[in-house]
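Just so it is clear, the values below take in all heavy atoms, side chains as well, and ignore hydrogens, waters and symmetry mates.
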Amino acid sequence: RYAQESRGLGDVYKRQDMGSSSIRAYLGNWDNRKQILQLSEVYRRNIEVNSAPDGTLTWPVSVFVKIVLDSARAAADVLGGPPDSVGVDGWGVDFVRINSEGLYEEYPRAYRDKSGHIGQMYLDQKISQIDQYRLTGVLPQNINSVNRLFQTSSNKKSSCTSIMFLQDMIARVLATKEIPGWDDPVECAPWASLGVASTSALVDVNRWDWNDKMISAAGIQRQILPSLRGEPSLVAQRGKTKICLSGSHDTACAAYAIAPEVGDIFVSCGSWAVVGAITAYPVTTDKAYDAGVTNEMATGGANRAELNQTGLWLVQECRRQWEKEGLDISYGYLDRIMQEAQSIGIVIDTSDPELSTPGNMPQKIREILKRDYGVNDCNNGQLLRLIDESLAVSIANSVRILRDITDSKGTVRITGGGAKDDFLMQQIANILGQEIRSANCEASIIGNIFAQLHLLGIPKGATRAWFENAYFSTSIKPNAK
């Protein structure tokens with residue numbers, strides 16, 4: 001009974017730089033007697049951005065919806081009925097348009113699409129970048145939602161009556177669509193979860209409303225922006241199942257698990273390496289702006305002051321290319337050749353714009369090495385070691401910058417796919433010269449389910465005690481010099 005009373009489904013629109021690799025569904029079961037959380041993956045499907053011949057990048061949303069509905073049915077099969085709760089999280093900034101009939105567009109532009117550059121140039125003519133930053137706390141970047149959203153209002157033929165961020169749209173699908181094994185669907189109007197909405201560069205720096213100056217500068221019709229909802233909160237009740245807003249942004253969910261207090265430092269190392277400090281309020285000083293600090297909402301109402309940089313994206317793209325070439329791309333093999341490789345003694349900028357788009361990543365990196373460093377030979381093992389060494393330097397530098405700007409003194413806690421890379425973790429500890437904590441777990445999934453459990457009445461102290469004593473939390477000390 002205790003399991004049934006506190007069971008939650010975390011249906012995760014998981015980011016791999018957005019979740020660009022897979023959509024996964026996890027079941028979380030809280031044992032009230034043992035005070036432990038049990039997790040199990042019940043569904044996973046790979047996804048990929050659509051790339052048109054002209055370079056346009058879009059997401060196949062209808063495919064996403066089918067995958068999520070299939071995962072919800074799979075969860076009901078495992079449970080023998082509907083879950084007590086469900087929450088959805090994913091990457092930031094991407095949204096879908098909803099028309100007057102309530103239908104979503106099937107192929108919305110992805111955040112890496114070139115239209116973001118056009119939108120940012122347009123916006124910069126209306127309002128300076130430093131003012132954009134001070135109004136929203138979000139660093140002006142091509143990927144920001146505002147830069148693709150302005151085209152909706154400029155298109156007079158658009159039938160858009162509302163927008164929804166991708167994960168909110170998926171949560172709404174889980175509330176409103178027929179799902180075998182679940183209770184009857186319910187209707188709910190569009191909304192915008194603050195966690196993901198705060199990435200858009202449209203939410204006011206004070207966080208609880210849209211910013212009218214940004215909306216006006218971008219020429220956006222105010223009425224297409226739905227009401228903002230804080231997190232964690234309940235957005236709908238489908239029979240026994242609570243449709244929860246449980247973080248919405250995967251980095252917010254990860255931080256809710258590993259760095260829930262003001263002063264904590266965290267690194268979420270997936271396709272993006274997000275280095276953040278939990279602060280009471282957004283940090284929008286000139287020093288923060290010059291350093292590239294962006295601010296996003298933390299689950300529970302605090303702020304995440306962050307430096308966003310490319311993370312495992314380079315490795316993922318290398319694997320994608322090598323798979324096309326018929327090479328062994330197992331992580332065990334790639335880790336071995338990287339460990340055996342001799343360092344070429346060079347550090348590259350992992351966030352170099354030349355490396356920001358899909359396509360033959362090994363060739364792109366080798367071209368940079370040849371052009372900028374005169375390196376003509378770099379085997380695959382050396383290439384992987386170069387990426388790890390460069391990423392470690394980038395992450396360590398970001399930690400130092402955030403400590404200086406925010407005066408955050410907490411231990412650095414790292415999660416995401418990068419936490420499984422022992423070499424990378426040791427390199428970061430060595431460069432910082434201090435102990436770090438590696439949470440080799442699905443922190444975004446755990447944070448999502450924590451938020452659901454808290455809405456279901458499980459005390460925060462109980463979930464925190466379980467997490468701190470879990471087997472996946474490891475201390476890494478710097479090597480003696």
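Within the 3.5 Å criterion, the main-chain N or O of Cys253 finds no donor-acceptor partner in the side chain of Asp89. A donor-acceptor pair under 3.5 Å is formed between the side chain of Arg172 and the backbone N or O of Cys188. Remark: side-chain polar atoms of Ser198 are paired, donor with acceptor, to backbone N or O of Gly195 under 3.5 angstrom. For Ser200 (side chain) and Leu202 (main-chain N/O), a donor-acceptor pair under 3.5 Å exists by modelled atom type. The backbone N or O of Thr474 lies less than 3.5 Å from no partner atom in the side chain of Ser438, so there is not a single donor-acceptor pair. Counting only distance, with no hydrogens or angles, the side chain of Trp30 and the backbone of Ile36 share no donor-acceptor pair below 3.5 Å. Counting only distance, with no hydrogens or angles, the side chain of Gln223 and the backbone of Thr161 share no donor-acceptor pair below 3.5 Å. Between the side chain of Ser193 and the backbone N or O of Leu245, no donor-acceptor pair lies under 3.5 Å. Distance alone, capped at 3.5 Å, is enough to place a donor-acceptor pair between the Asp31 side chain and the Arg33 backbone. Ser271 places no side-chain N or O within 3.5 Å of a backbone atom of Trp313 that could act as its donor or acceptor partner.
With contacts defined as side-chain heavy-atom distances shorter than 4.5 Å, the pair Val283/Ile405 qualifies. For the pair Trp466 and Phe450, the minimum side-chain heavy-atom distance is below 4.5 Å. You'll find the side chain of Val68 reaches within 4.5 Å of the side chain of Leu174, heavy atoms only. Two residues are said to be in side-chain contact when any heavy atoms from C-beta on lie closer than 4.5 Å; Asp94 and Arg148 meet this criterion. Looking at heavy atoms from C-beta onward, Val42 lies out of side-chain contact with Ser71 at the 4.5 angstrom threshold.
Atom CD of Glu187 has 12 or fewer neighbouring heavy atoms from other residues, nucleotides or ligands inside a 6.0 Å radius. Residue Gln129 qualifies as enclosed at atom CD: its count of foreign heavy atoms under 6.0 Å is above 12.
Taking CD1 of Ile163 as the reference point, atom CD1 of Ile224 lies at 6.0 Å (rounded to 0.5 Å). Atoms CG and CG, from Asp124 and Asp131 in turn, are 11.0 Å apart once rounded to the nearest 0.5 Å. Note: Leu307 CG to Ser398 OG = 4.5 Å, rounded to the nearest 0.5 Å. Expressed to the nearest 0.5 Å, how far CD1 of Ile67 lies from CD1 of Ile170 amounts to 9.0 Å. To the nearest 0.5 Å, atoms CG (Asp421) and SG (Cys269) are separated by 8.0 Å. Expressed to the nearest 0.5 Å, how far SG of Cys244 lies from CG of Leu455 amounts to 5.0 Å.
Scanning both residues, Ser85 and Leu456, for their nearest heavy atoms gives OG-CD1, 3.7 Å. The shortest heavy-atom contact between Ala419 and Ala439 is CB-O, 3.9 Å. Across all their heavy atoms, Pro358 and Glu317 have their closest contact at CA-OE1, 3.4 Å. Between Thr284 and Asn295, the closest heavy-atom pair is CG2-ND2, 4.0 Å. Minimum interatomic distance between Ser246 and Asn448 (heavy atoms only, all atoms of both residues): OG-OD1, 2.9 Å. Taking every heavy atom of both residues into account, Leu424 and Gly418 meet most closely at CD2-O, 4.0 Å.
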query = Given the rule in the side-chain contact (heavy atoms from CB on, under 4.5 Å) test, do Met214 and Leu123 qualify, once you have shown the distances and angles that lead to the verdict?
reply = CA-CA 9 Å; Met214 289 292 290; Leu123 188 60; 3.9 Å; yes

inquiry  = Set out, in order, the CA-CA distance, both residues' side-chain angles and the distance that settles side-chain contact (heavy atoms from CB on, under 4.5 Å) for Ile428 and Ile414, then state yes or no.
reply    = CA-CA 10 Å; Ile428 295 171; Ile414 304 180; 3.9 Å; yes

query = How far apart are the C-alpha atoms of Val61 and Val63, what are their side-chain angles, what is the distance that settles it, and do they pass the side-chain contact (heavy atoms from CB on, under 4.5 Å) test?
reply = CA-CA 5 Å; Val61 171; Val63 174; over 6 Å; no

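Every residue two or more places apart in sequence or in another chain that forms a side chain to side chain contact (heavy atoms under 4.5 Å, CB included) with Leu234 is listed here: Gln237, Lys242. With sequence neighbours excluded, the residues satisfying salt bridge (Lys or Arg N to Asp or Glu O under 4.0 Å) with Arg413 are Glu468. For Asp212, the salt bridge (Lys or Arg N to Asp or Glu O under 4.0 Å) partners are Arg222, not counting sequence neighbours. Every residue two or more places apart in sequence or in another chain that forms a side chain to side chain contact (heavy atoms under 4.5 Å, CB included) with Asp77 is listed here: Arg73. Legend: residues meeting ring-ring contact (aromatic ring centres under 6.0 Å, His included) with Phe266, ordered by chain and number and at least two apart, are absent. In this structure, the salt bridge (Lys or Arg N to Asp or Glu O under 4.0 Å) partners of Asp407, at least two apart in sequence or on a different chain, are Lys409. By the side chain to side chain contact (heavy atoms under 4.5 Å, CB included) test, Pro260 pairs with Asp264, Arg464, sequence neighbours left out. With sequence neighbours excluded, no residue forms a ring-ring contact (aromatic ring centres under 6.0 Å, His included) with Tyr43. For the salt bridge (Lys or Arg N to Asp or Glu O under 4.0 Å) test, residues two or more places apart in sequence or in another chain that qualify with Asp113 are Arg109. Applying the side chain to side chain contact (heavy atoms under 4.5 Å, CB included) test to Glu41 and every residue at least two apart in sequence or in another chain returns Arg24, Tyr26, Arg44.
Checking each of Thr136, Asn303, Leu228 against Arg207 for a side-chain contact (heavy atoms from CB on, under 4.5 Å) leaves exactly one that passes, namely Asn303. Test Lys213, Lys126, Gln120 against Gln132 for side-chain contact (heavy atoms from CB on, under 4.5 Å) and you get one pass: Gln120.
Not less than 6.0 angstrom separates the ring centroid of His249 from the ring centroid of Tyr256. Taking the six-membered ring wherever Trp is involved, the centroid distance between the rings of Phe467 and Phe472 falls below 6.0 Å.
In summary, Arg320 and Glu323 do not engage in a salt bridge, as defined by a charged side-chain N under 4.0 Å from a carboxylate O.
Residues in residues 122-145 take part in these ring pair (Phe, Tyr, Trp, His ring centres under 6.0 Å) pairs, two or more places apart or across chains: Tyr122-Phe150, Tyr133-Tyr289. Legend: salt bridge (charged side-chain N to carboxylate O under 4.0 Å, His left out) pairs involving residues 303-315, not counting sequence neighbours, sorted by first then second residue: Glu296-Arg304, Arg304-Glu306.
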